[in-house]
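Notes follow once the structure below has been shown.
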Amino acid sequence: MKKIEAIVKPFKLDDVIEALTELGIEGVSVSEIRGFGRQKGRTEIYKGAEYVVDFLPKVKIETVLADDLVDAALQAIQKAAFTGKIGDGKVFVIPVEAALRIRTGERDENAI
């Protein structure tokens with residue numbers, strides 16, 4: 001099993017969720033986050049004064065899935081989140097040692 005964490009632009013959230021759903025991935029968590037990467041924030045003007053917004057709004061999508069779905073999920077996320085502009089996001093794949101569904105006691109792939 002692997003955990004995928006995808007950090008994408010907020011307006012791409014629905015596209016990414018739809019792409020994952022089409023693969024049969026059902027369990028997804030979404031968090032609103034703020035951060036920056038290479039784009040280093042942006043400069044804005046408010047009431048005539050210039051200031052830097054260091055942390056940009058992003059969303060983090062998390063899901064745990066079977067190893068055989070990882071490559072398809074990565075491709076789906078990349079295609080759905082792509083704009084071609086800086087700040088499109090990142091995807092991380094993390095090994096998961098165990099999973100437990102609290103209600104039924106199911107474990108590992110049966111729990112996801």
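The first residue of the sequence shown is numbered 1, and numbering continues consecutively from there.
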To check you understand the geometry: which heavy-atom pair defines the closest contact between [X] and [Y], and what is its length?
{"X": "Ala76", "Y": "Leu23", "answer": "CB-CD1, 3.9 Å"}
{"X": "Ile112", "Y": "Ala99", "answer": "CG2-CB, 4.3 Å"}
{"X": "Ala73", "Y": "Ile25", "answer": "CB-CD1, 4.0 Å"}

**Study point:** Selection residues 89-112 - residue pairs positive for salt bridge (Lys or Arg N to Asp or Glu O under 4.0 Å), sequence neighbours left out
**Key:** Arg101-Glu106
Practice item. Measure the shortest side-chain to side-chain distance between Ile94 and Glu5 over non-hydrogen atoms and say whether it is less than 4.5 angstrom. Key: yes
**Study point:** Min side-chain heavy-atom separation Ile17-Val30 under 4.5 Å
**Key:** yes
Check your understanding: Which residues pass the side-chain contact (heavy atoms from CB on, under 4.5 Å) test with Val96, sequence neighbours left out?
Key -> Met1, Lys3, Val64
**Study point:** For Phe82, all residues meeting side-chain contact (heavy atoms from CB on, under 4.5 Å), sequence neighbours excluded
**Key:** Asp88
Practice item. Under the side-chain hydrogen bond (donor to acceptor under 3.5 Å, both in side chains) rule, collect the residues that match up with Lys9, sequence neighbours excluded. Key: none
Check your understanding: Sequence neighbours excluded, which residues qualify as side-chain hydrogen bond (donor to acceptor under 3.5 Å, both in side chains) partners of Asn110?
Key -> none
Exercise for review: Under the salt bridge (charged side-chain N to carboxylate O under 4.0 Å, His left out) rule, collect the residues that match up with Lys2, sequence neighbours excluded.
Suggested key: Asp67
Check your understanding: Should Ile61 and Ile4 be regarded as members of a common hydrophobic cluster, given that ILVMFWY residues are connected when their side-chain heavy atoms come within less than 4.5 Å of each other, either directly or indirectly?
Key -> yes
Practice item. Indicate if Leu13 and Ile7 have the same hydrophobic cluster label, given that clusters are the connected sets of ILVMFWY residues with side-chain heavy-atom separations under 4.5 angstrom. Key: no
Check your understanding: Quick check: does any side chain N or O of Ser31 sit under 3.5 Å from a backbone N or O of Ile33, one acting as donor and the other as acceptor?
Key -> no
Check your understanding: If you round to the nearest 0.5 Å, how far is CG of Leu69 from CG of Leu74?
Key -> 10.5 Å
Exercise for review: Verify the neighbour count for atom CD of Glu62: are there more than 12 heavy atoms of other residues, nucleotides or ligands below 6.0 Å?
Suggested key: yes
